[in-house]
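Every number for a ligand or one of its atoms is a count from 1 in the order of the listing.
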Amino acid sequence: MIDVLSIASEAYPLIKTGGLADVVGALPAALAPHGVSMRVLLPGYPKVMARMGGGREVAGWSDFFGGPARLIAGRVDGPDVIVLEAGHLYDRPGNPYVTAEGVDWPDNWQRFAALAFAGYELARGVVEGYQPQVLHCHDWQAGLVPAYVRYNAPVPVRTVLTVHNIAFQGRYSWDIFNALRLDHRAAADGAIEYFGGIGYLKAGLQCADAITTVSPTYAHEIRTVAYGMGLEGLLQARAEVVHGILNGIDAEAWDPGRDPALAQNFTASTIVDRAGNKRAVEQRFGLEAGDGPIFAVVSRLTWQKGLDMLVPLCDELVARGGRLVVLGSGDAEIENGLRGAAMRHPGRVGVVVGYDEALSHLIQGGADVMVMPSRFEPCGLTQLYGLRYGCVPLVSRVGGLADTVIDANEVAVEAGVATGIVFSPATEEAFGEGIRRAIALFHRPKVWHKMQRRGMKSDVSWELSAEKYADLYASLLGLKRDDDTDD
Ligand code: ADP
């Protein structure tokens, strides 16, 4: 068994704001059959502490980044977790990253330095009988871990940093350096320096033994100026340790055959039963019945996701017989634009601003087209859920979307391999053309149903990727895995 500690700011089912939580939550079970024992280190937000009733204290400090802190170990709905309980850092309402007003918590630098330092302490053996061999760090919130490992007192551990989204980088001023408890050599070497300040993600990318990102295409994209967001030079320099490993989905939590959030369960062979969910979606969003497809958005409403481009296309979508449901929140301008479309088109466009896990499942099981016109998309899980639930993805050809959806051009339809509609570039014009193609395909029911069923059967599991992570850990440790094959 390889012992891995996964360090992240969110993990489903304890705390989730996006795909990161799904991935961190799913990895331990996905990796277990591959000889990896994975625990997850998380901050003790109120939602997380509420689930840690049966946990036990395994370490504690009287002054940990400005206040007392304890590590609590326990098992919650599956994964083994270790929670950093530090009331002065995490015991506050709202989102892990922002205040109720949507502004970053001003002490985020300290909150996530503390999380990273706790990971380092665990590698130092602060908990008796527990010695992780690999620290698997996720995004900028765990970016300082590899820097602590490299520059503070030596620890027998290797580090992997996974980039789930390079747009979020954790950039702060030098003023915080002394509070980070990081050896001064880290500053002298320039390892954490980023555009004149300190970069948490940059530090991780510089110091980690291996870097992964969540799709092969994104692994290439982030080495280019267009997608690297300032880190492309570093990633080019470290290209030999950068790996693209596609995310999978938690097939238990996302199984249309058993999903309790659906009005009617169905499988690829009982796909006609999807109709019950479509009616439930219509009811929930106040839509009139219709012959055209229901397009759906389940997403953060941001520039990254390209949903500003949907606003001006709503009228045409409706004029062509389509309907639209939106579940999400984010930029006020996009929220308002979509609300405006709902007011102009009652019964045709429905918008729920907010976050609702159960409703997201129902939409996947009842809508016809899952819309993701992202400008960049590291992997994207929503299109994978769409495939699994027969909600045909309409996506831009970027990152993980390019790697997971096969476009229904005539050759692919003829060859029987298409699973969705892929457009490029990520512009309003190409997106509009994608919508028109989706509507046309929907009105070819034979082609459409085959595409739905093919999507439902396509492999979106963790199987292949879990093996790649296990191989990566083993190679970092100089081990050969027993179930290695030569194919
Ligand atoms: P990202 O992590 O960039 O936001 P992903 O597609 O990788 O995008 O993952 C998004 C995850 O968050 C999916 O599980 C999706 O169902 C969920 N999600 C996004 N917005 C909402 C919402 N408003 N309500 C419920 N679930 C949502």
Applying a 4.0 Å heavy-atom criterion (strictly less than), which segment of [X] is in contact with ligand 1: side chain, backbone, both, or neither?
X: D356; answer: backbone
X: D22; answer: side chain
X: S329; answer: neither
X: K305; answer: side chain

Under a 4.0 angstrom heavy-atom cut-off, which atoms of ligand 1 come close to [X]?
X: G18; result: 2 (O), 11 (C), 12 (O)
X: L381; result: 5 (P), 6 (O), 7 (O)
X: G354; result: 22 (C), 23 (N)
X: G19; result: 1 (P), 2 (O), 7 (O), 9 (O), 10 (C), 11 (C)

[atom2] on [Y] to [atom1] on [X], rounded to 0.5 Å:
X: L359; Y: I363; atom1: CG; atom2: CD1; result: 4.0 Å
X: L42; Y: I72; atom1: CG; atom2: CD1; result: 13.0 Å
X: H138; Y: N165; atom1: NE2; atom2: CG; result: 14.5 Å

Strictly under 4.0 Å, does any heavy atom of K16 approach an atom of ligand 1?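 Yes, that is the case, since the closest heavy atom of the residue is under 4.0 Å from the ligand.
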Working for side-chain contact (heavy atoms from CB on, under 4.5 Å), residues T217 and V398: CA-CA 7 Å; T217 295; V398 294; over 6 Å; no
Quick one: sort the Y120 and F117 rings into parallel, tilted or perpendicular, breaks at 30° and 60°.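 Tilted: the ring planes of Y120 and F117 meet at 30° to 60°.
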For the residue pair K47 and Y45, would you count it as a cation-pi contact if the rule is NZ or CZ under 6.0 angstrom from the ring centre and within 45 degrees of the ring axis?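 Pair K47/Y45 does not count as cation-pi.
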Taking the minimum heavy-atom distance to [atom], which of [options] ranks first?
atom: atom 20 (N) of ligand 1; options: S299, A358, G328, G330; answer: S299
atom: atom 6 (O) of ligand 1; options: T382, L359, L384; answer: T382
atom: atom 16 (O) of ligand 1; options: V298, V297, N247; answer: V298

Protein residue, atom and distance nearest to atom 22 (C) of ligand 1, heavy-atom basis: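 Here the nearest protein heavy atom works out to Y355 CD1, 3.4 Å.
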